[in-house]
Every structure is written in structure tokens, then in C-alpha cells.
There are 2 protein chains.
Amino acid sequence: MKHDSFNESAEMYLKTVSELAVNEGPVPISALAGRLGVSTVSATEMVHRLQDHGLVEHQPYKGICLTECGYRQASEVIRSHRLWERFLADDLGLAWDEVHSLACRLEHATDPKVTEALDAYLGYPATCPHGNPIPRHHSTPSEPEDCPLTELRPGDSAVITRVHPESDELLEYLADLELVTGTYVSLFEVVPFNGPLVFKERERTVYLGLEAAALVFCKPVEEA
Amino acid sequence: MKHDSFNESAEMYLKTVSELAVNEGPVPISALAGRLGVSTVSATEMVHRLQDHGLVEHQPYKGICLTECGYRQASEVIRSHRLWERFLADDLGLAWDEVHSLACRLEHATDPKVTEALDAYLGYPATCPHGNPIPRHHSTPSEPEDCPLTELRPGDSAVITRVHPESDELLEYLADLELVTGTYVSLFEVVPFNGPLVFKERERTVYLGLEAAALVFCKPVEEA
DNA sequence: CCGGGTTTTCAGGTTAACCTTATCTTACAA
DNA sequence: TTGTAAGATAAGGTTAACCTGAAAACCCGG
């Protein structure tokens with residue numbers, strides 16, 4: 001009665017639950033459905049299927065959590081995803097903002113054997129090109145010490161550390177603004193009434209909406 | 001009316017037709033079905049779908065041929081397959097007889113952009129680890145000058161150049177016998193009544209059935 | 001030229017993953 | 001506490017890719 005390495009669809013569900021679960025607590029099905037671009041009815045159906053396989057636990061009207069087994073499978077997919085991103089970006093020279101969607105397809109076609117070998121080949125990198133940690137067996141993911149850009153105060157400086165959760169549109173948008181991981185930024189002002197954050201860099205001014213800023217994390221830097 | 005990069009199933013059909021089409025002439029649907037492990041009815045259905053998309057041409061009771069467009073798509077899949085095999089074997093160090101099935105999954109998840117970059121990264125290799133040529137745009141695949149092991153006469157010596165078509169069982173079997181590409185063999189005798197070929201190598205004797213031998217190609221070597 | 005074996009088609013069935021519409025049920029907040 | 005929005009379920013439909021079984025069309029060798 002093995003759940004023989006799941007299919008793409010199931011993997012996407014598990015991965016997405018894992019991504020949305022960072023803020024602790026059960027993930028509402030509507031959030032899942034929204035992120036996956038399916039109806040809540042479809043998502044509910046699928047969640048039940050996954051529950052039957054012992055991969056998630058659904059508490060009606062609350063949300064869903066991954067079981068131990070579901071978590072392991074999700075991690076495996078995420079691991080493969082982030083390793084491919086590293087390979088595509090570092091070795092194949094593909095763009096920072098396109099490796100995400102390319103890896104999204106490869107991740108489901110990757111045998112654990114390949115993931116393992118790829119990890120070794122890349123020298124066990126700590127993170128993907130967008131700064132997210134690469135899960136490894138027997139390594140509890142240490143709490144990241146970064147904070148979203150939205151927590152900066154005017155005058156603060158910081159280095160962008162990661163983007164989470166990743167999505168094509170966001171990454172493309174950030175790449176356009178040249179706000180990629182490793183970029184140094186200093187916050188000039190926060191426009192009132194939920195207006196954008198304004199960053200001033202040598203000769204350029206960048207406006208970043210709150211929605212986007214909440215998904216970009218950074219590590220504050222002491223002024224020189 | 002784009003046929004927007006096909007799905008896995010269709011790609012497998014195209015790829016398989018391409019593989020079976022080496023012996024010129026239309027490929028019978030039964031052969032296709034056999035190779036893909038589906039019923040002839042299912043294969044017929046699918047072939048009709050592919051025909052509707054202008055990828056193959058089906059001549060009833062004769063067989064099917066790839067159209068220009070179908071051929072291009074098949075080549076793209078094969079190209080990606082063989083490049084992945086090279087990468088998995090040469091860079092990741094995975095075994096000669098397992099990279100085939102691993103690449104079989106990756107090939108359908110590979111964007112042309114990735115194929116292109118991978119090709120460059122690998123230095124535009126001429127063949128996959130099993131000796132089959134890697135198709136490239138604007139390069140007519142030059143006729144290979146090798147012949148199947150079955151054409152050797154007792155006393156002949158040769159170097160194994162490729163295995164075609166590839167399959168898990170065959171590759172595993174050959175790996176067991178240490179009859180991989182590049183191996184030097186000399187034919188000792190051919191057992192009558194469709195018996196196996198007998199190769200004698202320093203201290204070892206290898207028996208290879210006719211079925212298998214017909215799929216292994218070699219280039220004869222003049223005796224020293 | 002005819003009959004047996006291969007191909008094709010027809011009919012009907014299955015599964016997974018979706019969909020919509022509509023009707024409950026529940027949680028929470030005013 | 002009660003109304004409403006969010007969530008769950010029910011019912012019925014779609015599509016792609018499979019399946020079996022059975023009938024019809026065709027090809028070719030004797």
C-alpha cells in the first residue's frame with residue numbers, strides 16, 4: 001500500500017501547503033486553492049484524497065496541516081526545486097527571474113537519486129538563488145533571522161536576503177527593479193495610507209508596493 | 001492554433017515513432033503500442049489525436065509517419081533526453097544503465113531554453129552515453145557507419161559504439177555483462193539454431209542472445 | 001480469389017483532476 | 001445571539017488517456 005512517489009498534482013499541493021504553513025497554524029483550503037489557481041471545491045476534493053493517503057490532516061473549518069510523511073514529501077520536492085534553481089542559474093547561466101518556473105517543471109520529474117547527486121555536484125549549497133534554504137535530511141531548518149522590508153524604518157539600510165514565497169510575476173518585477181538577493185537598499189520613506197516604500201540608491205529611486213515588500217526579506221545593516 | 005508544446009504522453013508517442021522509424025517506412029501502430037505498453041486501440045486513438053494536430057500522418061493499414069512538425073518535436077525531446085543522460089552520467093556520476101530512465105522523466109519537463117543552455121554547458125557533445133547522436137537544429141543526422149553485432153563473423157573484433165533503441169532492461173543486462181559503449185569485443189562463435197553470440201575476452205566468455213545483439217552496434221576493428 | 005491474421009473502428013467503461021451551481025454548516029463579530 | 005461570510009458538501013459535467021470486447025475492413029500468401 002505504498003504511496004509510490006506521488007504525481008505532479010499532489011506534489012504541488014503538498015509543496016504549496018508547506019509554503020503557506022510558515023506562519024504556523026493550519027492552512028485554509030481557500031488559500032491553497034487561490035495559490036494553485038483551482039476552485040475551492042477541487043482543492044477540497046484533492047485534500048481529501050491526500051488525507052486518505054495520510055499526507056495531510058484536514059480539520060474542517062480550520063485548515064490543513066501536513067503529516068510527518070506529507071512534510072517529508074513536500075521537503076523533497078522543495079529541495080529538488082531549489083537545487084535545480086541553483087544549477088540553472090549558476091551553471092547554466094539562466095536568469096535569476098526565470099529559473100523558478102523552469103525548476104517548477106523539473107522538480108516533479110526528479111528521482112531522489114538525481115536530487116542527491118545534484119546536491120553533491122553543487123557542493124551542498126545553503127540556499128536557492130532567491131535566498132531560500134535548501135532542506136536536507138536530518139537538518140532542522142534553522143529559523144531565518146531576516147525580516148520583511150516592511151519592517152524597516154525610514155533611514156534604515158539593509159541587504160536583501162530572500163524572496164518568499166516565490167512567484168514568476170514577483171521575481172520578474174523585482175528583477176526589473178534590480179531588487180535581487182544581495183542588493184543593498186536604504187529606505188527613504190514610507191508613503192502614507194499604505195503607499196509604497198521608497199528606496200533611494202545612488203542616482204536611482206525605487207518604489208515598491210507593500211504587497212511585494214512583505215514578501216521580500218532583508219537583513220538590516222548598521223550605517224557606516 | 002499553436003500546438004503549445006505537447007504533454008508527456010504525446011511526446012512519448014512522437015519520440016517512439018521517431019525511434020522506430022529508423023528502418024525507413026511507416027511505423028505500424030501495433031509496434032508503437034507494443035513499445036509504449038498500451039493497447040492498439042489506445043494507440044490508434046492517440047495517433048488520431050496527433051494527426052489532428054498535424055504531427056503525424058496515418059495511412060490506414062500501413063502505418064504512421066512523422067510530419068515535418070512532428071519530427072521537429074520528437075527531435076527536441078530526444079535531444080533533451082540525450083543531453084540529460086550525458087549530464088547525469090558525466091557530471092553527476094550516475095550509472096551508465098540508470099541514466100536512461102532518469103532522463104526519460106526529465107525530458108518532458110525541460111524547456112527549450114534549458115536544453116539549449118545545457119547543450120552549451122556540456123560542450124555540445126556528439127552522442128549520449130549509449131552512443132546515440134544528439135540531434136541539433138540545422139544538422140542532418142549523418143548516417144552512422146556502425147553495424148549490429150549480429151553482422152560480425154567469428155574471428156572479427158569490434159568496439160561497441162551504441163545501443164539502439166535504449167531500454168532499461170537491455171541497458172541493465174549489458175551493464176551486467178560489461179558490454180558498454182567503448183568495450184572491445186571479439187566474436188568467438190555463433191551458436192547455431194539462433195543461439196547466442198559467444199565473445200571471448202581476456203579470461204572471460206560472454207554469451208549474448210540474438211535479440212539483444214541486434215540492438216547493439218559496433219565498429220569492426222582490424223586485427224593487430 | 002479467398003480465408004486467416006492484422007488493423008481499424010465501434011461501443012461502453014474507468015480514473016484523476018478539474019469545473020460550475022447550489023445547498024448546507026459553521027465560526028466569528030457586531 | 002444572530003447574521004453573514006467563509007467553508008464544506010452534494011450533484012452533475014468535462015477532458016485526456018487509458019481499458020475490454022466485439023465487429024468490420026483490409027492485406028497478402030497460398
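Per chain, numbering begins at 1; letters A, B, ... match sequence-line order. All of these numbers come straight from a predicted model, not from anything done at the bench.
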* What string of B, S and - do you get for nucleotides 22-30 of chain C, 5' to 3', when a contact is any protein heavy atom under 4.0 Å? -> ---BSS---
* To do: Take atom CE of B/M12 and atom P of D/dA16, then tell me their distance rounded to the nearest Å.
  => 20 Å
* Any side-chain N or O of B/S39 under 4.0 Å from OP1/OP2 of D/dC19? -> yes
* Integer-rounded Å distance: C/dA16 C1' and B/E8 CD -> 15 Å
* Asked: D/dA16 phosphate, OP1 or OP2: any side-chain N/O from B/R49 under 4.0 angstrom?
  -> no
* Asked: Roughly how many Å is it from CG in B/L36 to P in D/dC18, rounded to a whole number?
  -> 8 Å
* Please identify each residue that fulfils side-chain contact (heavy atoms from CB on, under 4.5 Å) with A/L215, with sequence neighbours left out. => A/P165, A/L170
* Asked: How long is the line joining CG of A/L50 and P of C/dA16, in whole Å?
  -> 12 Å
* OP1, OP2 of C/dT8 versus side-chain N and O of B/H48: anything below 4.0 Å? -> no
* To do: Tell me which of A/I29 and B/S42 sits closer to the 5' end of DNA chain D, going by the nucleotide each one is nearest to.
  => A/I29
* Structure fact -> Residues at least two apart in sequence or cross-chain that pass side-chain contact (heavy atoms from CB on, under 4.5 Å) with A/A89, listed by chain then number, are A/V99, A/P129
* To do: Using atom CG of B/D52 as one end and atom P of D/dT15 as the other, report the distance to the nearest whole Å.
  => 15 Å
* side-chain contact (heavy atoms from CB on, under 4.5 Å) against A/T115, all qualifying residues, sequence neighbours excluded -> A/E76, A/R79, A/S80, A/L83, A/T110
* **Rounded distance in Å - CG (A/L14) to P (C/dA17)** => 12 Å
* **No-hydrogen, no-angle side-chain donor-acceptor test under 3.5 Å, B/E107 and B/H81** => yes
* To do: Would you classify A/G63 as touching base, sugar-phosphate or nothing, given that sugar-phosphate means primed atoms plus P, OP1 and OP2, and contacts are heavy atoms under 4.0 Å?
  => nothing
* Within this structure, what is the CG-to-C1' distance between B/N7 and D/dC18, rounded to whole angstrom? -> 13 Å
* Asked: What residues, two or more places apart in sequence or in another chain, satisfy side-chain hydrogen bond (donor to acceptor under 3.5 Å, both in side chains) together with A/K113?
  -> B/E98
* Position toward the 5' end of DNA chain C (nearest nucleotide), A/S9 or B/E45 -> B/E45
* Is the closest side-chain donor-acceptor distance between A/H58 and A/Q51 under 3.5 Å? -> no
* Under 4.0 Å between a side-chain N or O of B/S30 and OP1 or OP2 of C/dT7? -> yes
* Between C/dA16 atom C1' and A/H53 atom NE2, what is the distance in whole Å? -> 11 Å
Which atom pairs, donor and acceptor, lie under 3.5 Å between side-chain atoms of residues 31-40 of chain A and protein residues at least two apart or in another chain?
{"residue": "A/R35", "atom": "NH1", "partner": "A/E19", "partner atom": "OE1", "Å": "3.1"}
{"residue": "A/S39", "atom": "OG", "partner": "A/S42", "partner atom": "N", "Å": "3.1"}
{"residue": "A/S39", "atom": "OG", "partner": "A/S42", "partner atom": "OG", "Å": "3.0"}

* Reckon B/H58 has a side-chain N or O less than 4.0 Å from the OP1 or OP2 of C/dT8? -> yes
